Structures are given as C-alpha cells and as structure tokens.
Amino acid sequence: MMGKWEAKLKQIEERASCYERKPLSSVYRPRLSKPEDPSSVWKLFHRQNQAFNFVKSCKENVHVFALECKVGDGQRIYLVTTYAQLWFYYKSRKHLLHCYEVIPENAVCKLYFDLEFNKHANPEADGKKMVVLLIEHVCKALQELYSVSCSAEDVFNLDSSTDEKFSRHLIFQLHDVAFKDNIHVGNFVRKILQPALHLISSEYDNRIPNPVGHEFSHFPETPLKQEISFNQTSPDKDIAKSWTLNSEIPERLESAEQSSPDLSFLVVKSNTGEEHLFVDLGVYTRNRNFRLYKSSKIGKCVALEVAEDNKFFPKQSKNISEENQYFLSSLVSNIRFSDSLRILTCDTSQNKRKRTEHVNSTSSSVETIEGFQCSPYPEIDRFVLSLVTKNDTKGGIRRWNYFFPEELLVYDICRYRWCQNIGRAHKSNNIMLPNTHVQEFLKVSIQRIVVDLKNEVWYQKCHDPVCKAENFKSDCFPLPAEVSLLFLFKELHLGILPASAKEPQAT
DNA sequence: CAGCGCTACCACACCCC
DNA sequence: GGTGTGGTAGCG
C-alpha cells in the first residue's frame with residue numbers, strides 16, 4: 001500500500017536536493033569545441049537520472065552503463081564513461097563482471113532480440129534452427145516493410161545458454177539503417193510476430209493481446225497512407241475509416257497468395273507449461289538494461305559469448321582489436337553515423353491515431369512538423385530553411401538529428417523536392433516502390449541537408465531511389481559566416497545565446 | 001542511505017440488462 | 001456479467 005508512495009516521495013526529495021545543489025542552467029550552452037584532450041570520464045551514480053544528467057553536461061561522447069552490485073537482490077549503480085575507456089578496463093574480465101548497457105530512451109538504436117526457452121520444458125525444440133528461421137522471418141519483414149536488405153551475416157549472435165536454458169541475444173548490424181529508438185523496435189517486433197501471438201491466444205478465445213493494432217496479416221502495411229489521405233476529412237471519420245480498412249486488410253491478403261507465414265516454431269512452453277514466445281517481448285522498454293558481451297548475471301557465471309553458429313564477422317581494423325570490434329558491435333545503441341543513415345519508425349495504431357487527432361486539432365495544414373522542427377541551433381535552422389526556399393515553395397524541417405562524434409546536424413526536409421543532382425524538382429509519384437512505407441516516406445521527405453559543424457560546410461543528399469542508387473551527394477559548400485562556429489563561440493562567450501534553445505535528441 | 005520500467009493481476013465501482 | 005479505474009507484486 002505505502003511502497004509506491006514512499007518510493008515516489010523519496011524520488012522527489014532526491015530530485016529536490018539535487019536541484020538545490022546544482023541548479024539547472026537557464027540557458028542551454030551547446031558544446032561545439034573539438035575534443036582537445038581525451039580526458040578521462042569515469043563516474044559512478046546511485047541514480048540513473050543523475051547519470052543521464054551528467055551525460056548531458058559532458059562534452060565527451062559518453063554512455064550510461066548499469067553495474068549489478070554484490071548485494072544480490074538486483075541493485076544497480078550507474079557508470080558513465082566512453083566506450084573506449086570502458087573496454088580498456090573491461091577487456092581483462094577481471095573487473096566489471098555483470099555489466100549492462102542502458103539503451104537510452106529516445107536514442108537511435110539497432111534492432112535486437114532476446115531469445116530464450118527452457119530446455120526441459122521443450123525437449124524437442126531445436127534452438128539453433130529456431131534462430132535461423134527467426135532471422136529469415138525478420139529479414140523478410142525488413143525487406144517488405146522498409147526495403148532494407150540483410151541476411152544472417154548481418155546478425156551478431158550471442159549465446160548465454162546453460163543446461164537449463166537456451167538463451168541468445170541477436171543484434172542486427174544493418175548498413176546505414178537504425179531504428180528511432182527501442183520503443184519503435186518493440187513495435188516492429190510485435191508487429192511482425194503478430195501471427196505467432198495469434199497462435200497462442202486463439203487457443204483459448206478471440207481476445208488478442210495486440211498492442212500494435214488490429215492487424216493480423218503477414219506484414220500489415222502501416223496505415224500511414226490512410227493517415228495522410230484522411231487528414232482532409234474530419235477526425236471522427238478518420239478513425240472510423242482506418243478501423244474498417246485495417247480489419248479488411250487480413251481478408252484481402254489472405255485471399256491473395258500472400259498468406260500469413262507459419263510462425264508456430266516460435267511458440268514454446270514455460271516451466272509451468274504455459275505457451276509463450278521464443279522471443280522475449282519485455283526488453284523494449286525505456287532505458288532497458290541489456291547485458292554486455294562477456295558479462296554474466298550476478299547470480300550466475302554464464303557470460304554472453306559469440307555463438308558457435310554466429311555468422312557476423314566485424315571488419316578487420318588496424319587500431320581496434322577483433323574482440324573490441326565484437327564488443328562495439330554488440331552495443332545496441334552504438335550507431336555509427338553515415339550521411340545516408342535511414343532511421344526507421346514503427347508506430348502503434350494508437351499512437352498514429354493520437355497523432356492524427358493532434359495534427360487535426362492543432363493545425364489545418366497537412367504535413368506539419370512532427371514536433372522536432374527546431375534544433376538547438378536556431379541560426380542553422382534558419383539557414384537550412386533558406387536553402388529549401390525557392391520562389392514560392394517553402395520547405396520545412398521534418399526532423400533533425402545531431403551526431404556527436406562527427407559534429408553533424410542532419411535535417412530531413414519536407415515540402416521541398418528540388419534536387420541538385422538532376423537540377424530540378426523530383427516528380428511526386430512517378431516511381432513505383434514495393435510498399436507504401438517507402439513511398440510515403442519519399443512523399444513526405446526526400447531531401448536531406450547535412451551540416452558539418454566541424455568543417456563548417458554543408459551538403460545535400462537525396463532519398464530519391466535514382467539518386468540513392470548512384471549514392472548522390474552534392475559538393476560541400478561553406479557555411480555562411482553568420483552561422484559558422486566562430487560566430488557561435490563569440491556568442492557563447494558573450495553569453496547571449498537564445499534561451500529558447502533545446503537539447504539535442506530531446507523530443 | 002541509494003535501481004528502473006513496466007505488465008499482469010487483483011479489488012472495487014459503476015452500469016445495464 | 002461487462003467495463004473502467006486504481007494500485008501494487010513481481011518480472012525482465
């Protein structure tokens with residue numbers, strides 16, 4: 001009865017004392033300085049919040065890790081350091097056993113899976129074969145839903161099995177592709193495993209735990225297309241229509257040759273004999289702790305190791321050992337930047353509906369802002385907007401992302417289709433693509449402006465399939481003086497940076 | 001001195017036939 | 001019995 005309130009109260013007191021000791025700065029000060037010295041960062045916190053607050057104040061590219069304490073009841077403390085420095089102390093495996101990566105909420109991340117079943121309860125289950133089949137299914141889904149190509153060679157396969165349990169982690173190493181955050185990963189995973197979830201619940205009744213929506217088909221198309229085309233009508237009608245459309249989809253697909261795939265291999269029995277999935281769907285929550293390569297749970301002494309049937313082999317490197325490469329590949333939120341990085345999203349129907357309602361209620365224009373239209377650098381935003389304004393077409397910033405080590409601001413542009421590659425605007429809908437996901441993405445956002453703060457230049461990329469195929473990238477152009485780093489530095493020293501500035505990654 | 005974020009489940013209130 | 005709400009134990 002009291003537990004929850006006591007915990008809340010304590011949390012509030014904790015925060016209050018923290019604010020008293022270290023009041024929040026009223027002005028956000030972007031740190032654009034080059035890393036002068038690789039000064040060491042190694043800081044421990046009892047509270048996850050404090051660890052993340054420290055990360056925000058830190059100019060180095062640091063991350064939060066959770067360490068299990070000796071106490072044994074699952075208590076954790078939080079370490080903030082860089083990947084390089086963690087590896088330096090971690091690699092000997094004499095210290096820092098029981099280490100977890102904290103996958104930050106709202107952080108771009110890889111596709112990952114936690115797989116397990118009890119061997120005694122499932123004597124006939126062939127774990128390795130199940131992994132192969134799952135990877136096949138996931139790759140097919142990535143291809144159909146996002147036109148992303150991959151195979152088992154892109155899947156880092158880690159083993160933590162015991163005599164009792166078959167246990168694996170899969171971390172997908174997709175090329176130039178990441179998910180918006182691990183909540184979106186979870187939505188994607190639940191969506192593509194819908195047929196398997198259906199198998200379990202239909203044993204008893206028709207009540208389907210279906211957080212993704214009313215879509216039981218193979219890889220149900222997202223109703224994004226519907227969302228956009230319905231924006232013109234009233235919100236009530238939108239909802240009604242998308243419901244009926246969604247429930248019609250399974251019939252239409254089932255009658256076509258594309259029947260839903262056989263995912264019965266994913267159904268396993270628990271200790272108590274209940275059926276559930278080989279794939280653990282509980283690992284896609286905010287700030288999820290995910291055990292590190294070569295770490296074990298505190299009670300056990302079984303660490304995650306490269307599975308004997310793993311088919312992913314990282315690139316050879318002069319400076320980085322193979323083990324370190326494996327370590328870096330295993331980190332779910334370690335996304336290396338590329339200027340053609342695609343960020344995949346997967347919303348639940350509920351969220352989509354909510355957003356549709358929100359858009360309808362706050363604005364009459366169709367493809368507005370998703371809430372990310374302003375970066376912390378208003379001068380650069382203004383400059384980028386000036387780049388995507390020609391005559392009477394005014395482009396907008398659909399979203400932006402900041403990549404720390406490279407000091408790059410990446411803007412996805414909407415309502416502007418002018419392409420430097422072909423010297424004219426792309427036509428809107430003359431290309432047929434395999435699925436509406438990609439089509440709609442292109443309709444909404446085809447141009448990308450990359451601002452390189454380190455080198456004080458900008459360039460353009462284009463998502464159009466033809467431009468993408470030839471990997472088009474415009475020449476680099478210098479940033480105008482008024483948005484260059486020196487200007488920002490001067491402002492910083494004078495302390496007159498706009499107080500409205502927000503922090504990167506915050507949504 | 002000190003973990004975090006859920007979901008499954010329960011208890012209860014209210015409603016309607 | 002159906003449905004919604006609030007609240008916690010316990011899982012990952």
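What you are looking at is a predicted structure, and each value in this text was computed from that prediction instead of being measured.
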Distance below 4.0 Å between [X] side-chain N/O and [N] OP1 or OP2:
X	N	result
A:Arg76	B:dA2	no
A:Gln48	B:dA2	no
A:Arg286	B:dC4	no
A:Asn287	B:dG5	yes

In whole angstrom, what separates [X]'s [atom1] from [N]'s [atom2]?
X	N	atom1	atom2	result
A:His276	B:dT7	NE2	C1'	15 Å
A:Glu274	B:dC9	CD	C1'	13 Å
A:Asn182	B:dG5	CG	P	12 Å
A:Glu116	C:dC11	CD	C1'	11 Å
A:Arg291	B:dC4	CZ	P	21 Å
A:Tyr284	B:dT7	OH	P	14 Å
A:Asn289	C:dC11	CG	P	17 Å
A:Arg288	B:dT7	CZ	C1'	11 Å

*If we only count heavy atoms from C-beta on, is the A:Thr162 to A:Ser167 side-chain gap below 4.5 Å?*
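A:Thr162 vs A:Ser167: side chains apart.
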
*Per the side-chain contact (heavy atoms from CB on, under 4.5 Å) rule, which among A:Asn287, A:Leu79, A:Val80 passes with A:Val102?*
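Passing option: A:Asn287.
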
*Does anything in residues 103-133 of chain A pair up under ring-ring contact (aromatic ring centres under 6.0 Å, His included), and if so which pairs, sequence neighbours excluded?*
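Only A:Tyr112-A:Tyr284, A:Tyr112-A:Phe290, A:Phe113-A:Phe172, A:Phe117-A:Phe166, A:Phe117-A:Phe278 qualify under ring-ring contact (aromatic ring centres under 6.0 Å, His included).
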
*Determine to 10° how strongly the helix from B:dC4-C:dG12 to B:dC15-C:dG1 is bent, judged from the axes of its five-pair ends.*
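Helix axis angle between the two ends: 10°.
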
*Considering only the P atoms, how many Å lie between B:dA2 and C:dG12, rounded to the nearest integer?*
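It comes out at 25 Å once rounded to the nearest Å.
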
*Report yes or no: is the cationic atom of A:Arg342 (NZ for Lys, CZ for Arg) closer than 6.0 Å to the six-membered ring centre of A:Tyr146, at no more than 45° off its axis?*
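Judged by the rule (NZ or CZ under 6.0 Å from the ring centre, within 45° of its axis), A:Arg342 is not positioned above A:Tyr146.
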
*With a distance cut-off below 6.0 Å to the six-membered ring centre and an angular limit of 45° from the axis, does A:Arg93 pair with A:Tyr90 as a cation-pi contact?*
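Positive - A:Arg93 is close enough to the ring of A:Tyr90 and near enough to its axis.
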
_Once you measure the plane-to-plane angle for A:Trp42 and A:Tyr89, does it fall in the parallel (<30°), tilted (30-60°) or perpendicular (>60°) bin?_
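Aromatic pair A:Trp42/A:Tyr89 classed perpendicular.
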
*Residues forming a side chain to side chain donor-acceptor pair (under 3.5 Å) with A:Arg291, sequence neighbours excluded*: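 Listed in chain order: A:Ser160.
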
